[in-house]
Structure formats: C-alpha cells, structure tokens
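Step one of this worksheet: look at the structure below.
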Amino acid sequence: MEINKIILRHVKMDLLTPFTTSIGTEYDKDFILVEVQSKSGQSGWGESVSIKEPIYNEETVETNWHMMRDHLIPLLRKTEIMHPNDVSQHFLPIRRNYNAKAAIEGAIWDLYAKENNISLSKALGGVKEKIEVGVSVGIKQSQYEMLRQIESYLGEGYKRIKVKIKPGWDIEIIKAIRKEFPEIALMADANCAYNLDDISHLQALDEYSLTMIEQPLDCDDIVDHAILQSHLKTPICLDESIHTVEDARKAIELGSCKVINLKIGRVGGLSESLKIHDLCKSHSIPMWCGGMLEAGIGRAHNIAITSLSNFSIPGDTAPSSHYWSEDLIAPEITMEDGYIHVPNSAGIGFEPNLDKINNIMVTTQPFTI
Ligand SMILES: O=C(O)CCC(=O)c1ccccc1C(=O)O
Ligand SMILES: [Mg+2]
C-alpha cells in the first residue's frame with residue numbers, strides 16, 4: 001500500500017439526548033477523523049472513539065491527537081505497509097494508547113478494502129448480511145422515565161436492552177423493568193462501579209435472568225471478577241478490562257467472564273479485534289460489539305466487525321438517528337426491524353459527508369508520509 005498523506009480532523013457534534021452512566025454524563029462528542037490517502041487517489045477513513053475526559057479509560061481527544069501527530073504518524077513514515085495487519089506491528093514500540101492506534105489502523109483497513117474493491121466486512125472475514133441491534137440506555141431521573149424509554153426502544157425494534165446501573169440505581173430499577181417486560185433480552189452495565197464487598201448485593205440480580213452483567217468491578221481487574229463470577233449465576237461480560245488478545249486469554253483462563261464486549265478502539269484496532277474474535281470463538285465465548293457513542297465512520301467499522309460469526313449477541317450499534325440530528329456520512333446508518341444491513345460496496349460502505357464535516361470542524365492538520 002502506498003500512503004502519501006494523512007489528514008486529521010477534529011470535529012464536534014451535540015448528542016440528541018445526554019447519556020448518563022456511573023462515570024458521568026456526555027452532552028456532546030468530539031471526534032478525531034483520520035483520512036489516509038494513497039497514491040492511487042483513494043481515501044480510507046477512521047474515527048477515534050475517545051471522549052473528552054479520561055473517565056472511561058486514560059485516553060482523551062487531546063492525548064489521541066498528540067499520539068497520532070507526534071508518535072504514530074511519524075512511525076508510518078519509516079516503514080512499508082504491505083497489509084493492514086502490519087500497522088499494529090509498527091505501532092508496537094508505543095505503549096497502550098489503543099484508541100489512537102485503532103483510528104489510524106481503521107483508516108488503513110478501509111483504504112485496503114477500497115483498493116481491493118471489497119467491503120470492509122469481507123476483508124475482515126465477515127459472514128453476515130445483516131446484524132442484530134441492541135441499545136444502551138443511560139441512567140434516568142426516574143423509574144417511570146426509564147420504563148417509558150425502554151417501551152419506546154422496544155417499539156423501534158431493538159433486540160436487546162442494556163441499562164446502565166450504579167449503586168443506588170440497580171436492583172430496584174432492574175426489578176421494575178423485569179416486572180413490566182418479563183421476556184425481553186435485558187442486561188446491565190456497571191462501568192466498574194462495584195467491588196468485592198458488593199457480592200451479596202450483586203447476587204440479588206441473579207433473580208432477574210439478565211443475559212449478563214457488564215464490567216461490575218475495576219477497569220483493570222480480571223482477578224476479582226473471577227471471584228465474583230464464582231458467586232454469580234448471571235454471566236459476567238468484560239468491557240474495560242480487555243485491551244489485547246492476551247488480556248482475553250487470561251480472563252478466559254481465570255474464569256473472569258463468560259462473554260466479551262469488543263470495542264475496536266479499546267483493543268487498538270481491527271487486527272487485534274480479529275485475534276480476539278478467533279480466540280473467543282475457539283473457547284465458545286460469545287461476543288458482541290460495544291459502542292462509544294460513535295459517529296458514522298466509527299459506527300461503520302463496528303458494523304463490519306459485527307458481521308463476523310462469533311458476534312452472536314446484539315451489540316450497542318444503534319443507527320445514526322439514535323444519536324445525531326445529522327450524521328457525518330451518506331447514507332446514514334438505518335435500522336429495520338432491529339437489523340442493520342451490512343454494506344457490500346467497497347470499504348466501510350458509507351461516504352463521509354465533507355460539507356457536514358467542514359461545518360463542524362474544530363481544527364485540521366495534514367501530514368505528508
Ligand atoms: O455507543 C453506545 O450506544 C454505547 C454506549 C455505552 O454504553 C458507552 C458509552 C461511552 C462509554 C462507555 C460505554 C460502555 O459500553 O461502557
Ligand atoms: Mg460497557
């Protein structure tokens with residue numbers, strides 16, 4: 001692959017509705033869009049999924065810009081890229097900074113798929129023509145508001161409801177949801193809000209047949225999660241704790257989880273995502289694709305990875321209109337009867353809307369390679 005230019009663009013969009021979790025409330029979202037241009041005249045696109053504050057992981061929009069500008073892009077000047085799998089190898093000297101690495105690597109995967117005139121899904125080994133869609137529901141002001149919100153999402157066709165929980169907003173809300181919706185696929189995400197002193201408290205959730213509880217304990221823990229799992233019937237799903245295929249291997253061996261939420265950004269890109277996919281598949285650990293309130297480009301990458309066979313549970317891959325008054329791709333991502341169609345045109349299958357991107361741009365910088 002002959003890459004001769006990379007353009008970074010920082011853009012910002014308001015969320016249609018604020019999103020509250022145990023770690024904070026997001027009102028808007030900043031994105032770094034990565035455009036990788038090749039000598040052939042084609043462009044590949046990636047999106048950094050970091051948020052402004054280092055509250056989900058240690059990365060922010062600012063640290064991602066710095067890492068890309070001062071460390072990751074310079075590394076690409078020194079080497080040949082034969083295949084997108086090479087990119088994560090070139091980035092190995094740089095510790096962590098997974099979201100930053102993934103945004104560049106994702107753009108190179110899109111370019112690779114376009115140069116080979118295949119969809120990103122096909123380039124990754126995807127097998128599904130459409131994917132099942134779930135929705136992540138933030139913490140609300142009242143039980144009533146929560147129940148009405150869920151009713152409306154079920155009406156839109158979502159195939160799985162995930163609700164955010166935290167101490168003080170957990171057992172009672174789950175009980176109320178189960179009472180009104182006894183049959184739905186329901187799960188809870190704690191974003192690290194508990195510790196081992198809460199074992200008996202969390203055991204109370206076992207009554208409500210949740211499909212899983214996501215990341216109840218610390219963001220870097222896999223040891224206490226194994227202890228907690230041995231006391232819970234509800235399967236534990238890990239999100240924050242899994243950054244690499246090695247993390248996944250250790251968590252599976254320890255029994256720290258029975259399900260894995262994969263976020264392409266959190267694991268440093270699509271190549272590592274494929275390794276985690278294959279490992280989980282060989283251990284019969286089901287997966288689903290998590291979300292980071294992505295705009296269209298990040299969302300398109302999530303759809304492509306979800307088309308792989310071991311993504312057997314609906315993910316947090318809601319359509320564009322769930323988040324944005326206008327997304328920055330054309331066409332926008334739409335859902336029908338709880339499914340999103342996996343595009344089969346070349347690359348990510350959606351065109352960046354450059355007029356829209358220019359309108360909401362905070363800053364941009366080009367780099368020659
Ligand atoms: O993009 C979505 O709809 C999922 C939103 C979500 O749950 C989330 C959003 C931001 C940070 C962390 C998480 C999470 O899965 O823990
Ligand atoms: Mg989560």
Side-chain angles (χ1 to χ4, degrees), residues 17-26 55-56 134-156 158-242 251 254-261 285-286 288 290-291 293 313-316 318:
T17 5
F19 186 71
T20 300
T21 69
S22 70
I23 52 180
T25 300
E26 304 301 316
I55 53 175
Y56 168 78
V135 65
S136 174
V137 192
I139 290 167
K140 303 288 176 201
Q141 300 289 340
S142 70
Q143 253 187 33
Y144 179 80
E145 195 188 338
M146 185 64 157
L147 294 170
R148 298 292 60 82
Q149 182 69 82
I150 290 175
E151 182 178 39
S152 132
Y153 288 148
L154 292 170
E156 287 177 48
Y158 288 104
K159 294 187 173 293
R160 180 228 56 181
I161 301 287
K162 155 171 147 183
V163 296
K164 294 290 184 176
I165 56 169
K166 63 175 184 181
W169 179 269
D170 47 19
I171 317 293
E172 288 304 310
I173 190 70
I174 295 292
K175 186 177 174 184
I177 297 168
R178 256 302 170 240
K179 191 163 171 229
E180 187 164 336
F181 309 102
E183 301 293 337
I184 61 169
L186 177 67
M187 60 171 288
D189 184 2
N191 290 106
C192 319
Y194 300 90
N195 58 56
L196 278 189
D197 295 339
D198 299 310
I199 290 183
S200 59
H201 182 73
L202 293 171
Q203 278 174 328
L205 288 174
D206 276 343
E207 252 187 74
Y208 302 106
S209 21
L210 300 181
T211 55
M212 69 196 83
I213 177 170
E214 182 179 346
Q215 197 72 35
L217 309 179
D218 254 4
C219 64
D220 56 0
D221 171 79
I222 54 171
V223 175
D224 285 356
H225 277 101
I227 298 172
L228 177 63
Q229 182 67 86
S230 72
H231 289 86
L232 288 185
K233 282 195 227 120
T234 308
I236 291 177
C237 169
L238 288 178
D239 173 357
E240 281 89 334
S241 295
I242 305 294
L254 282 174
S256 321
C257 64
K258 294 181 178 165
V259 184
I260 286 183
N261 160 338
I285 296 284
W288 53 279
L293 311 173
I313 299 170
D316 286 343

Is the closest side-chain heavy-atom distance between [X] and [Y] below 4.5 Å?
{"X": "Q149", "Y": "V163", "answer": "no"}
{"X": "N195", "Y": "D218", "answer": "no"}
{"X": "D189", "Y": "N261", "answer": "no"}
{"X": "S256", "Y": "L238", "answer": "yes"}
{"X": "T211", "Y": "I313", "answer": "no"}
{"X": "Q215", "Y": "N191", "answer": "no"}
{"X": "R178", "Y": "I184", "answer": "yes"}
{"X": "Q229", "Y": "C257", "answer": "no"}

Exercise for the section: Spell out, as yes or no, whether a donor-acceptor pair under 3.5 Å connects the side chain of E214 to the backbone of D239. Expected result: no
Practice task
Rounded to the nearest 0.5 Å, what's the gap from CD1 on I139 to CH2 on W169? Could you check?
Solution key: 7.5 Å
Exercise for the section: Identify, with sequence neighbours excluded, every residue that meets ring-ring contact (aromatic ring centres under 6.0 Å, His included) alongside F19. Expected result: none
Handout entry: Lys/Arg-Asp/Glu bridge criterion (N-O < 4.0 Å) met for E151, R148
Key = yes
Exercise for the section: Tell me, yes or no, whether the heavy-atom count around E145 atom CD, taken from other residues, nucleotides or ligands under 6.0 Å, exceeds 12. Expected result: yes
Completion exercise
Tightest non-hydrogen contact, residues Q143 and A176, listed as OE1-CB, 3.5 Å
Handout entry: D224 and Y194 side chains, donor-acceptor separation under 3.5 Å
Key = no
